[in-house]
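Just so it is clear, the structure is predicted and the values come from calculations on it, not from any experiment.
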2 protein chains.
Amino acid sequence: MKTVYERADIVPVFAETFRELGYEGATLSRITERTGIGKGSLYHFFPGGKEEMAGAVLADIDAWFEQAIYRPLRNDDARQAIAAMWVNVNDYFRAGGRICLVGAFALDDTRERFSSGIADYFIRWIEALRSALMRAGCAETEAQTLAEEGVCGIQGALVLSRALRDGTVFTRSLKTLANRLEAATR
Amino acid sequence: MKTVYERADIVPVFAETFRELGYEGATLSRITERTGIGKGSLYHFFPGGKEEMAGAVLADIDAWFEQAIYRPLRNDDARQAIAAMWVNVNDYFRAGGRICLVGAFALDDTRERFSSGIADYFIRWIEALRSALMRAGCAETEAQTLAEEGVCGIQGALVLSRALRDGTVFTRSLKTLANRLEAATR
DNA sequence: TCTCTGCTGTACCGATCGGTATATCAATCT
DNA sequence: AGATTGATATACCGATCGGTACAGCAGAGA
């Protein structure tokens, strides 16, 4: 059999594995087990090993957020883009059933491996949201505070809903944040 | 030499080790290296191994929050207790330089090992804060929302300040949250 | 002084870690 | 057909994993 895998097909499986087990917890045997791909192929596509695999996941995540969240926030109608952000974020994180890998990596030593990528992800998110808020009528300092508060709140909601095993906490928190930002743009 | 260690002396060192490396990343060799205690003593005090060590840390953390945060929120003057909470939390987390181990454990598979302890920590925090908010004059539903938002925001601020390597983000976020709650109690 | 108890360091256990080498396979090109 | 290429499974590597066994050692009580 010659089943050819594409990086694009494998990376999302990596992502879920790292999400569930963390960087250290995601051993190569776990990864081969979940992807169904042997070490041979794994190292063929990712000669850099585990670190390259996780790096590919982060790049994949970054690309998704760039096109689905950041770009609309920067370029499209501000109010609409912000509203779409809440919906897309709720879907992406499966209403709290899925964590933010970037945030999780930031919390422990794994941060040192992907330092700049992790910082970028959040900087660009906050900056894009701030831009949208200002276009929607916020003053600069308020927009900055609210943007930080929004991104912050999302990360916190992920932690909390995981801890409580209650996805409604996540969706409810997003709603509260959305109202808060909406109130500030009129 | 007969240097007798107390569990109370060791546990905080465990805590920092788990914080920095995560549960999987905190190997026994790392732990012995940081504590300066050999495996012999380690397993003498903690026959249950790594899991018991981490469990002791969680119990330690829980006890600290109970006496320093939750109890005042439940019993003392509401406004004062809330104000004290922000100060104590900022100190405890070293202005964002130290993460919340409970939150970190919640994010990956480690949650399954300490499930009830993790959930309890957050449930009691939110409940205590809600109680204080109500005594300070909040309506019940608003108090619940604000309490969740507060705890949520703290967790998010920890993630964000770690990711950005910027402790000012943490302190600033706490300030914003404090203002938010203050505004709702008058 | 002589036990006895509690603590400690160390050697060791099987299992698994991340990673490498290689032989084989399927498909394509000449 | 024969050679070449890319993809795959597998065996294997030294290192380290979490955990155990145990011998020795210091101090308290007899």
Side-chain angles (χ1 to χ4, degrees), chain A residues 1-59 101 104-105 108-115, chain B residues 1-59 101 104-105 108-115:
Chain A
M1 82 181 88
K2 157 106 171 179
T3 32
V4 176
Y5 298 102
E6 302 275 341
R7 274 179 72 122
D9 300 330
I10 311 174
V11 172
V13 187
F14 289 165
E16 295 315 309
T17 309
F18 283 118
R19 266 186 241 270
E20 287 170 37
L21 305 171
Y23 185 81
E24 295 293 341
T27 66
L28 285 184
S29 71
R30 237 72 117 128
I31 293 171
T32 60
E33 171 185 301
R34 300 208 183 197
T35 54
I37 304 174
K39 278 190 184 184
S41 307
L42 240 34
Y43 275 85
H44 176 75
F45 288 114
F46 303 90
K50 206 166 103 163
E51 182 153 356
E52 187 179 343
M53 299 175 204
V57 170
L58 289 180
L101 190 62
F105 278 3
D108 64 29
D109 219 27
T110 311
R111 176 181 66 162
E112 313 310 325
R113 292 175 183 272
F114 307 104
S115 191
Chain B
M1 82 177 84
K2 154 105 171 180
T3 31
V4 177
Y5 298 102
E6 302 275 342
R7 274 179 70 121
D9 300 329
I10 311 174
V11 172
V13 187
F14 288 165
E16 295 314 310
T17 309
F18 283 118
R19 266 186 242 269
E20 288 171 36
L21 306 171
Y23 184 81
E24 295 294 339
T27 66
L28 285 185
S29 71
R30 256 28 141 149
I31 294 172
T32 60
E33 172 185 299
R34 300 208 184 197
T35 54
I37 304 174
K39 279 191 184 183
S41 307
L42 239 33
Y43 274 84
H44 177 76
F45 288 114
F46 303 90
K50 206 166 102 162
E51 182 153 357
E52 187 179 344
M53 299 175 205
V57 170
L58 289 181
L101 191 62
F105 278 3
D108 64 28
D109 219 27
T110 312
R111 176 181 66 162
E112 313 310 325
R113 293 176 183 272
F114 308 104
S115 189

Between [atom2] of [N] and [atom1] of [X], the distance in whole Å:
X: E52(B); N: dG19(D); atom1: CD; atom2: P; answer: 11 Å
X: E24(B); N: dT16(C); atom1: CD; atom2: C1'; answer: 12 Å
X: R7(B); N: dC7(C); atom1: CZ; atom2: P; answer: 12 Å
X: R30(B); N: dC17(D); atom1: CZ; atom2: P; answer: 7 Å
X: L28(B); N: dC17(D); atom1: CG; atom2: C1'; answer: 8 Å
X: H44(A); N: dC25(C); atom1: NE2; atom2: P; answer: 18 Å
X: I31(B); N: dT16(D); atom1: CD1; atom2: P; answer: 16 Å
X: K39(A); N: dA11(D); atom1: NZ; atom2: P; answer: 12 Å

**OP:** Decide, yes or no, whether a salt bridge links R113(B) with E51(B) under the criterion of side-chain N to carboxylate O below 4.0 Å.
**Re:**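 Yes, charged N to carboxylate O under 4.0 Å.
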Original post:
Hey, are E20(B) and R34(B) close enough for a salt bridge, meaning a charged N less than 4.0 Å from a carboxylate O?
Top reply: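 Yes, this pair counts.
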Of all the nucleotides listed ([options]), which has the minimum atom distance to the side chain of [X]?
X: K50(A); options: dC17(D), dG18(D), dG18(C); result: dG18(C)
X: F45(A); options: dA7(D), dT20(D), dC7(C); result: dA7(D)
X: Y43(B); options: dA9(D), dG19(C), dG19(D); result: dG19(D)

Original post:
Is any side-chain N or O of S29(A) closer than 4.0 Å to OP1 or OP2 of dC17(C)?
Top reply: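 Affirmative; the distance criterion is met.
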**OP:** Ignoring backbone atoms, test whether T27(B) places a side-chain nitrogen or oxygen under 4.0 Å from the OP1 or OP2 oxygen of dC17(D).
**Re:**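 For T27(B), the contact criterion (side-chain N or O under 4.0 Å from OP1 or OP2 of dC17(D)) is met.
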Subject >> Whether F18(B) and F105(B) hold their rings parallel, tilted or perpendicular, with breakpoints at 30° and 60° >> reply: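 Correct class here is perpendicular.
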Original post:
Rounded to the nearest 0.5 Å, what separation is found between the CZ atom of R7(B) and the CD atom of E52(B)?
Top reply: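 Here the interatomic distance stands at 5.5 Å.
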